[in-house]
Amino acid sequence: MTATIGHSSILLAFVIALAGSVIPILVPRGANERYVTFARWGILGQFILVFLAGSALIYGLVMTDFSIRYVVFNTTRATPIYYRITGLWGALEGSLLLWEWILIIFSGIVAWVYRDRHREMMPWVLMVFCIISAFFLGVIAFVSNPFEIVSPVPPDGRGLNPLLEDANMMSHPPLLYTGFVGLAVPYAFAMAALIVGKLDDAWIVTTRRWTITAWFFLTMGNLVGAYWSYHVLGWGGYWAWDPVENAAFMPWLPATAFLHSVQVQERRGMLKVWNLSLIIIAFGLTIFGTFLTRSGILSSIHAFSSGPVGIVFLCFLAFVLLCSFGLLAYRSEHLKGQPELDSMVSRESAFLLNNIVLVSALFTIFLGTIFPLISEAVAGVQVSVGAPYFNSVTVPLFLLLVFLMGVGPMIAWRKASWDNLKRNFLWPAAGSLIFALGLFVWTVRDFWPLLGFTLLAFVAFTILYDTALALRARRRIAGEGIVSGLITLARRNQRRYGGLVVHLGVVLIILGIAGSMTYSREREATLALKDHLTVGPYLIQFEGLKESRQPTHNLVQGSFRVFRGTQDLGILSPALKFFPSQQSPIGRAVYQSSLSEDIYLILSGFSELDKNQATLKVLVRPLVVWMWVGGFIILLGTLVSILPFREKDRGSKMED
């Protein structure tokens, strides 16, 4: 019964979405208002039906309805209820249903919030949403059905992949999918603007907060994924340039470029073709990433199993790109006659160079990701492109990007004068050079780390110096203190100061990456009871092993007392988890964080005969905690940028 309700709901929603996809092309022009009304109610109907289908699948997972194949493969009777619920996105079919669920929520919000605005564009905006929705519903209904029946009904299920039994399973996939789906909103408005030929800034202004929100969820999704990898996979790292990691990261790059370059279009009327291209590429990469993870053509611990869904997504990606760039070429005459750069030393130039760097990084990552596929298809040779390639090509690009983060928001529009450059950059540059000298004296002698830390200091100093000057002006004009002055600045210019806070968060994330990549230490040893090993300032003493039975697995847990000098940091307990369905155990690493570094313990093995002997791997990862702090700062900056604060002085012109 549950499966029947779920699949019938998907089929009916597919029919409604299909109707919404074709009616705008068939109805006369004067019937746009009637179509918008129909589409709005059609999207509401899709939401109700998709909600019913999603709820049916969750019900089946929670109640362990093993007549549904998807439930059999993603839960067991012993699985805790919260992992049963996350089973909704634990495999291919359910993850597509979650994607569609989020998409129809976004579509509904747009349909109802803008019901009295953009009357000319809204029919086409809703049509684009319906096309995307119809595609996903069609895939769920006919290609990758989560409500497929199994007979005979097994007594128990297989359960989730053991690596997915983690608290981050509740946050990472929904965050990432929300970011992916969120890019459909600016894409839909961009396509509508091209269809009706209304290529002014209206669609950009309308979708600004949507784009920032999608960018934020993409950022958090990737960051939570890095944290998940760091504390679950047990290798001491957070990013391995895995193809699926790359697929999640690549849409972030054009989305970031778009958020910067649209400011140039709003201010100077430039880069219209470029901005439309960026949003097409960003949305296209979300489909491409879905193709990579669901086609089975690559080997990754993150990828889903193979099946016919991959070729379906590849065809839809081709359809999206051909139609989108075809529309862009069709409207090319309307996009000519844009202003030219007044000077290479200007904010426009800095933002343009920022875009070039981001797109260059995107190209190199895309090439490294698909090269093994091309090599196998053309030459029949399996090759791997690993971290050394990605690090060698992206590190210089990202360092240039860091420099532009410091320059772009502070340099003047049109043409920067010498006075502008001296006022904004003299003291931050001097401070960063003094900081670099201090690092050099403090034995930071390698070129790339020294350059990276210096550029990060430059960005931080420019932001703090600019904010200090603005606060001094507020104190002189209105007698405001630091807190009230910051509130006034944020209210009057949310985009600028929200963006600066986000930049500070990015600085902290890069600081964590640079420190942990460059100055990590590690050691592995087999210890008998009360033996110890030292790594840097730490001494780790083996206190014994303990075995216990968990709901889904057996757990062997080691106890290790950690000392830093004479300070007792307590017991850390890395473990190995033995699942009945897995031939090899799954590790559970543990770590202890401080502002300066993490100490990270991995139980590599133990003696089956003598439980008083264990093999331990210890890693010391400097500055990693600043990555997670940086994510929190980005959250604050995003809230400053998008929340509808009331401005005290509405007559003042906001400066980007």
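Residues: numbered from 1 along the sequence shown.
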So do the side chains of [X] and [Y] get within less than 4.5 Å of each other, counting heavy atoms only?
X	Y	value
W101	I105	yes
V506	I510	yes
M127	I131	yes
L98	I102	yes
W41	L44	yes

Counting only heavy atoms from other residues, nucleotides and ligands, does the tally under 6.0 Å from [atom1] of [X] exceed 12?
X	atom1	answer
F403	CZ	no
W112	CH2	yes
F398	CZ	yes
Y330	OH	no
M344	CE	no

Is [X] reaching over with its side chain to a backbone N or O of [Y], donor-acceptor style, under 3.5 angstrom?
X	Y	result
S95	L92	yes
Q494	V640	yes
R331	L194	yes
W89	M169	yes
N424	M410	yes
S21	C130	yes
N222	L218	yes
S144	I140	no
S332	A329	yes

*Might you work through the side-chain contact (heavy atoms from CB on, under 4.5 Å) test for S343 and R414, ending with a clear yes or no?*
CA-CA 6 Å; S343 171; R414 291 184 178 273; over 6 Å; no

Nearest atoms (heavy-atom pairs only) where [X] meets [Y]:
X	Y	value
S346	K415	CB-N, 4.0 Å
S261	L278	OG-CD1, 3.6 Å
L88	Y70	O-OH, 3.0 Å
M250	L285	O-CD1, 3.7 Å
L276	A190	CD2-CB, 3.8 Å
T2	G60	CG2-N, 4.4 Å

*Of the options F249, F283, W252, W99, which is the one that meets F180 in a ring pair (Phe, Tyr, Trp, His ring centres under 6.0 Å)?*
W99

*From the options F129, Y177, F313, F14, select the one residue that forms a ring pair (Phe, Tyr, Trp, His ring centres under 6.0 Å) with F136.*
F313

Roughly how far apart are [X] [atom1] and [Y] [atom2], rounded to 0.5 Å?
X	Y	atom1	atom2	answer
E245	I365	CD	CD1	11.5 Å
K272	I204	NZ	CD1	9.0 Å
F351	Q263	CZ	CD	4.5 Å
R347	R267	CZ	CZ	7.0 Å
L321	I287	CG	CD1	9.5 Å

*Show your working on side-chain contact (heavy atoms from CB on, under 4.5 Å) between F47 and I43 and close with a plain yes or no.*
CA-CA 6 Å; F47 169 76; I43 286 173; 5.6 Å; no

*Take S324 and L328 through the side-chain contact (heavy atoms from CB on, under 4.5 Å) test and state the conclusion after the steps.*
CA-CA 6 Å; S324 301; L328 187 58; over 6 Å; no

_One pair to check against side-chain contact (heavy atoms from CB on, under 4.5 Å): W274 and V359. What are the steps and the verdict?_
CA-CA 11 Å; W274 179 253; V359 172; 3.7 Å; yes

_Set out, in order, the CA-CA distance, both residues' side-chain angles and the distance that settles ring-ring contact (aromatic ring centres under 6.0 Å, His included) for F135 and F319, then state yes or no._
CA-CA 11 Å; F135 168 74; F319 169 78; 9.1 Å; no

*Quick one: sort the W210 and F106 rings into parallel, tilted or perpendicular, breaks at 30° and 60°.*
perpendicular

